[in-house]
Amino acid sequence: MTSSLKLHNTLTGQKETFVPLNPERITLYVCGPTVYNYVHIGNARPVVAFDVLFRLLKRLYPEVVYARNITDIDDKIINTARDNGEDIGALTTRFAEAFSEDMTALNTLPPTIVPYATDHIAEMIGMIEKLIEKGHAYPSDSGDGNVLFAVQSMQDYGKLSGRSLDDMLAGARVEVADYKRYPGDFILWKPSSDDQPGWDSPWGRGRPGWHIECSAMIEKHLGKVIDIHGGGQDLIFPHHENEIAQGCCAHGTDYVRYWVHNGYVNIDGEKMSKSLGNFRLVRELLKQYRGEVLRFALLSAHYRSPLNFSEDVLNQANATLDTLYYALLGRGEKIEAAADVSLADEHPVIVALKDDINTAEAISAMHAIAAKLNKAEPADKPALKAELLACGELLGLLNQDPTDWFQNKGHNDDGLSNDDIDALVAERNASKKAKNFARADEIRDQLKDAGIQLEDTREGTRWTR
RNA sequence: GGCGCGGUGGCAGAGUGGUUAUGCAGCGGACUGCAACUCCGUAAACGCCGGUUCGAUUCCGACCCGCGCCUCCA
């Protein structure tokens, strides 16, 4: 009997055994970006975390359909385009591409489906009509073109975020507006002025509210009820709460079986956010650190814990990856990874990941394999190397050639080409042979000052940058 | 005000009612012309106060501190 996948479900606050609706076809949806600027490392956390879940699910089940949307209609987009004097379509295309590039640099697999909100306006309108029909939504009484969801029409509204309507109003931060019958009601459709993008609808020319696109795209691509819906904790309320309201009330069914939310990336103990301005763009970080370093840093803590982001964390991630890549590189001998090695169902790394995606535990297990690999007899190395690589594959790590890892750290600020270095290394070896250790050490120090380390192995000298 | 989360060794970060997390950094040793890598060994922690228990970092309660959501936000 193999252990089963367990996931923390925000709906119950418990770690639960994952029981799919249909074990032949797993459905996963993760909220993607609203494309009006570059994403920061906090935005990248769910993408990387759920990429690991996607990889794990693919290992455990025959088919996994993973959808991650692009929200390309939103007031922030409209405002940014106006400020830039840029066409909205050009803006959203530009940042959707940038997002895709950044996430590729973090070695995330492309989702099965990347639906765009503006390709699903008809589905959204259809869903809103259904909600009105069933008495869960209404066009505003003033006839101004707004359509609202009536939260009081839903028995257990607030169950995901664990709050009652009374609690929410007590916060006194809900927007009271005269087009709402109840202050907690939220917008499904809003009118557009002539200079704003809009689509014809039964309620006049307008555009969708924030939450409806996810519900409509989930129904179209994954079904009325899906297995797993992921996202950052800050989406629990109102976004996911409202998605539940829309999905459950429109379909008269459940909406999502397992809600999975990742914790924040913090800076100096505070949440990284666009509004606080304390964010670090993935794009900027990639100039200084390789994508794998960023990915490793994001995976070094459990996905639900806060992750304090700092230079220190990134440097440690880099050093730790060095250790793992050294094991793959070997002590100068060539190690060919054995072919056709697959991890046992109860392999420590798989067991760790099945326990609510415990990546820290999985990485620890990888270190154990690396240590074994370092110590192993030559005959045992190919299998261990293959095992370590297979573990890395599950986590989306260690997919580079070890020599490249050490020689191409991405920042060649030493001004030396690989050929220059090879020439100096050759000169040093000649000096060593002539017992001219002073000159040999001089060369090594010179290279060291340039950030290049030398290692003398039985198979010759190798260098790392 | 309502609801919720967390405080682990220098740093990062898992986990557990009683025996090592793990990694980075440190220290000692082996290897090396000297290094680096690797190996062997080593030190160091569970916010504070009570309670339950033979025994608590792990369970319960209070307290202190930090953070988050209730508004756009991954």
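Computed from a predicted model, the values in this text were never measured in an experiment. In what follows, every chain begins at residue 1, and chains take the letters A, B, ... in the order their sequences are listed. For the numbers below, each heavy atom of this structure counts, side chains included, while hydrogens, waters and symmetry mates do not.
Rounded to a whole Å, the CG atom of N429(A) is 14 Å from the C1' atom of A36(B). Counting to the nearest Å, the C1' atom of C72(B) and the CZ atom of F186(A) are 16 Å from each other. Rounded to a whole Å, the NZ atom of K372(A) is 14 Å from the P atom of C40(B). Atom P of nucleotide G68(B) and atom CZ of R304(A) are separated by 19 Å, given to the nearest angstrom. L160(A) has its CG atom 20 Å from the P atom of G68(B), to the nearest Å. As rounded to whole Å, 19 Å separates atom P of C11(B) from atom CZ of F296(A). Between the CG atom of L314(A) and the P atom of C11(B) there is a distance of 18 Å, given to the nearest Å. Computed from coordinates, the K354(A) NZ to A14(B) C1' distance equals 19 Å when rounded to whole Å.
Comparing atom distances between the N358(A) side chain and each of G15(B), A12(B), C37(B) picks out G15(B) as nearest. Nearest nucleotide to the R444(A) side chain, out of C69(B), C34(B), A14(B): C34(B). Here the side chain of P46(A) is nearest to one of C40(B), A74(B), G13(B), namely A74(B). The N374(A) side chain lies nearest to U38(B) when the options are C40(B), U38(B), G68(B). In the set C34(B), A14(B), G68(B), the nucleotide with an atom closest to the side chain of D456(A) is C34(B). Proximity note for F237(A) (side chain, C-beta onward) versus C34(B), C70(B), A74(B): the nearest is C70(B). You'll find that the side chain of N43(A) is closest to A74(B), out of G68(B), C72(B), A74(B). Checked against A74(B), C40(B), A14(B), the side chain of A301(A) finds its nearest nucleotide in A14(B). Picking from C70(B), A74(B), G15(B) the nucleotide with the shortest atom distance to the side chain of R163(A) gives C70(B).
Aromatic ring orientation, H229(A) versus Y255(A): tilted (interplanar angle from 30° to 60°).
No salt bridge links D195(A) with R82(A); every basic N to acidic carboxylate O contact stays at or beyond 4.0 Å. The pair R439(A)-E442(A) meets the salt-bridge criterion, since a charged nitrogen lies less than 4.0 angstrom from a carboxylate oxygen.
Residues W463(A) and N418(A) have side chains that never bring a donor and an acceptor to within less than 3.5 angstrom of each other. Using a 3.5 Å distance cut-off with no hydrogens or angles, the side chains of R290(A) and N318(A) do pair a donor with an acceptor. At a cut-off of 3.5 Å, with distance as the only test, no side-chain donor of E16(A) or Y258(A) sits close to an acceptor on the other residue.
In this structure, OG in S140(A) is found 14.0 Å from CH2 in W189(A), a value given to the nearest 0.5 Å.
More than 12 non-hydrogen atoms from other residues, nucleotides or ligands lie less than 6.0 angstrom from CD of E427(A). By the 6.0 Å contact criterion, NZ on K372(A) is open, its count of non-hydrogen atoms from other residues, nucleotides or ligands being 12 or less.
U22(B) is paired with A12(B) under the criterion used here, namely a Watson-Crick or G-U wobble arrangement in which both key atom distances are under 3.5 Å. With both pairing distances under 3.5 Å, C63(B) is matched to G47(B) as a Watson-Crick or G-U wobble pair. A 3.5 Å limit on both hydrogen-bonding distances identifies no Watson-Crick or G-U partner for G33(B). Using N1 to N3 plus N6-O4 or O6-N4 for Watson-Crick, or N1-O2 and O6-N3 for G-U wobble, each under 3.5 Å, C69(B) pairs with G2(B).
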Sugar-phosphate atoms are those with a prime plus P, OP1 and OP2; base atoms are the rest. Using that split, label each nucleotide of nucleotides 19-28 of chain B B, S or - for protein heavy atoms under 4.0 Å, 5' to 3'. --BSBB----
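Close to A74(B), at under 4.0 Å from its OP1 or OP2, lies a side-chain N or O of K274(A). Checking the phosphate oxygens (OP1, OP2) of C69(B), a side-chain nitrogen or oxygen of K271(A) falls inside 4.0 Å. Taking 4.0 angstrom as the limit, S305(A) places a side-chain polar atom (N or O) nearer than this to OP1 or OP2 of A14(B).
Between the C1' atoms of G13(B) and G6(B), the separation comes to 14 Å (whole Å). Rounded to a whole angstrom, the distance from the P atom of G47(B) to that of A74(B) is 33 Å. For the P atoms, the distance linking C64(B) with G26(B) amounts to 40 Å, nearest Å. Across C60(B) and A21(B), the matching P atoms stand 23 Å from one another, rounded to whole Å. Across the P atoms, G33(B) and U22(B) are found 32 Å apart, a figure rounded to whole Å.
Remark: the backbone N or O of Q407(A) is paired with a side-chain donor or acceptor of R465(A) at under 3.5 angstrom.
The base of G33(B) sits with one of its N or O atoms less than 3.5 Å from a complementary donor or acceptor on the side chain of D441(A).
For the pair Y264(A) and G68(B), the ring geometry does not qualify as stacking, because the centroid separation below 5.5 Å and plane angle under 30° are not jointly satisfied.
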